[in-house]
Structures are given as structure tokens and as C-alpha cells.
Amino acid sequence: MTALARSVLRYSARHEAAASDSFADHVIAGLGDDPKWLSAKYFYDAAGSELFEQITRLPEYYPTRTELKILRRNTRAISACIPLAAALVEFGTGSTKKARILIDAAPQIAAYVPVDISAEFLAQEADAVRRDIPSIAVLPVVADFTRDFDLPPHSRARPHVGFFPGSTIGNFEPEDAAEFLRQAGRILGPGSTMIVGVDRIKDEGVLNAAYDDAAGVTAQFNLNVLARMNRELGGDFDLASFRHRAFYNAANHRIEMHLESLKPQTVTVAGHRFEFREGETIHTENSYKYTVESFRALARDAGWRPVGCWSDENDYFAIHALKL
Ligand code: AVI
């Protein structure tokens, strides 16, 4: 399972307000709207999480491998932003792979605080880190990282370093991304540091290929939300009557993913009937891209001071360091 599978990502404040936390209510609100929408958080059931893992290994999907490369190549400089005896607080811990690179590179990290909504997953990951790195205190927190939560008492006296890799911040609407950073600042406290992975604006061909791969894995990932509604909400979506669409919307600096109806049709799900016109879409995800400067401006607006930025030779991805 990925971090997103267990975290509650808001699609936008408007959509959050329109739908409650139940999948059925969400589907009724989203498919009843014009244009139709669904929150990206519903991609991540067991099948969707497995498909996302496959996406991260696709030749076209550069973000995961590029971020790992940037982390590995810049361990010394990134480590220099981390104060002595710090607690590393990871927001929405999926794989601990990236945090382990930081912990290995920065022996001054004294505690690791992974934050995740799934207690069982978190306990397993925390045990594995304790076993592999016995020198640090591992203090897991079961919480939805998009909402307010308390840090564990044992980490409170330490300087805090927030860690939010993967460009998950790109799946927030920009105003929600700023609100997330503001809230992270309140949780981590004055003088804290934040290390954030952010996908950069680049050639549209590269972006479009990353979200519409030749093997069709991203298409399966997108269409899986229809299969999920069939499984969990008694839906009768015919997956062959919809197609995956992903494109870069340059005006809004984001990849949009949609599911397009290939014909006029009526679908029943969650006890409601929804009409689709031919060509009508369900908007399923936004993945915002930032320039180094546009992300810095967003961070500043949220009260953070940019203090470092590392990228790759293609300028595809950036790791930002921010101070409060
Ligand atoms: C999880 N998140 C950062 C991914 C992204 O790139 O926006 C989700 C994704 N959607 C399609 N491919 C990957």
C-alpha cells in the first residue's frame, strides 16, 4: 500500500465540502455534479495501490526514480539542513525507503516520527526501522496527516524536520497545498525545517507520457476506480465503455486525469442512476507541477523561508528545504 492509500487527500476544498467521508456519499456528490468528479484518494484500494507501485517503475514515470536519485546525490547538502538531535516527521509514510536514505545520511537525526492513518501498516514499518536502525527512537503517530495531530511527547523537545516526498503535494489544489504547509508549520513548531519533493514544469511530451504510458498501466489505475465502485457500491460500470484520458493543462500547470464515456449511457451505482453523454468525462485527478520559483512563492505564502533546492540534470524534479 502507498502513503496515499491510507491518507485522506482532499481533491479541493469545494469537493471536500460537497462530500462526506463515506465513499457512497462522495460518489453520489461527484457523479451528480456537472462536470462530474471523484477524489483521487479513491484510487488507492488494494488493487489501485498495487497499480501505483507498478506506475513508479514505468520507464515513462520519472518522478519516483528521479527523486531517489536527487536524494542520494545530495545527501551531504540536505543533511546540512538538519539540526542536531532532530526528529524527522514524515507526513503520510508509505514506503520508508526515502526516509531511510535521509536517516543514513544524517546521523544527527535522533528520532523518526512516521505519520500514517493505518495503524497496522505503521506498526509494521516502525518495527522494521527499529530493527534496521536501532540507534534512533521510532515514534509512530496514527493520524490523517492532512488534519491537525499532536506530535509524540518524546519528540516535542527536539528540533523538528518535516518530510513530504513524492510530489504528493502536487495532488492538492494549490490553496490546499499552502494550507497543508501552514498546518505542518503549526505542528512542527517555530524554527523547524521542511523537506518537500515537488515535480517541476517541463516539456509537455514528457509529462503526457508519464501519465499515459505505453503499457497502459496508468489507464488501468484510472479505470480501477470504476471497478472499485462496481465492487464496493453495487455499480454496473462497463469498463470497456470508458477510456483513460490524461493531458497537461498548461494554463493551470497540472496534469488532469479523466475517464471519458465512449457512448451515451446510464450507470447505476450506490443506488443512484447517472446519465453520461458520449465524450463526457469524470475528472479523477489533478497533479500540479511547479517551477522552483512558483513553489517557493507558495511556501513563502504559507510562512516558510526557502533555504535550499536540489534537482536533477534534466530539471524534472526538485527537493526543497524550507525553514520556519
Ligand atoms: C501520488 N501522486 C504523486 C501521483 C502523481 O504523479 O500525481 C499519482 C499518479 N497518478 C497517475 N500517476 C501517478
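One-based numbering along the sequence shown. Remember, it's 1-based here, ligands and their atoms both numbered in the order they're listed.
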Inset, instruction - Enumerate the atoms of ligand 1 whose separation from the nearest heavy atom of Ser287 is less than 4.0 angstrom. - result: 5 (C), 6 (O), 7 (O)

Inset, instruction - Using a strict cut-off of 4.0 Å, indicate which atoms of ligand 1 neighbour a heavy atom of Phe221. - result: 10 (N), 11 (C)

Inset, instruction - Give a yes or no on this: more than 12 heavy atoms of other residues, nucleotides or ligands lie within 6.0 Å of atom CD of Glu120. - result: no

Inset, instruction - Assess the side chains of Thr284 and Asn222: does a donor N or O sit below 3.5 Å from an acceptor N or O? - result: yes

Is the closest heavy atom of [X] to ligand 1 under 4.0 Å?
X	result
Phe43	no
Ser167	yes
Gly166	yes

I'd like to check whether [X] has a polar contact with ligand 1, where a contact means an N/O of the residue lying under 3.5 Å from an N/O of the ligand.
X	result
Lys289	no
Tyr61	yes
Tyr44	no
Glu285	yes
Thr168	no

Inset, instruction - Check the angle between the aromatic planes of Phe180 and Phe145 and answer parallel, tilted or perpendicular using the 30° and 60° thresholds. - result: perpendicular

Inset, instruction - Could you tell me how the ring of His272 sits relative to the ring of Phe274: parallel (under 30°), tilted (30 to 60°) or perpendicular (over 60°)? - result: parallel

Inset, instruction - Could you pull out, from Thr284, Leu58, Asn171, Thr56, the option with a heavy atom nearest to atom 2 (N) of ligand 1? - result: Asn171

Inset, instruction - Report the part of Asn222 in contact with ligand 1, treating N, CA, C, O as backbone and CB onward as side chain, heavy atoms under 4.0 Å; options are side chain, backbone, both, neither. - result: neither

Legend entry - Glu293 and Arg300 ion-paired at < 4.0 Å: yes

Inset, instruction - Please report the C-alpha distance between Glu256 and Arg254 in whole Å, then the side-chain angles of each, then the deciding distance to 0.1 Å, and finally whether the salt bridge (Lys or Arg N to Asp or Glu O under 4.0 Å) criterion is met. - result: CA-CA 6 Å; Glu256 292 186 14; Arg254 68 190 191 201; 2.9 Å; yes

Legend entry - Distance in Å, Asp127 CG paired with Asp132 CG, rounded so as to fall on 0.5 Å steps: 10.5 Å

Inset, instruction - Step through it carefully: locate the ring centre of Phe43, locate the ring centre of Phe221, and say whether they are under 6.0 Å apart. - result: yes

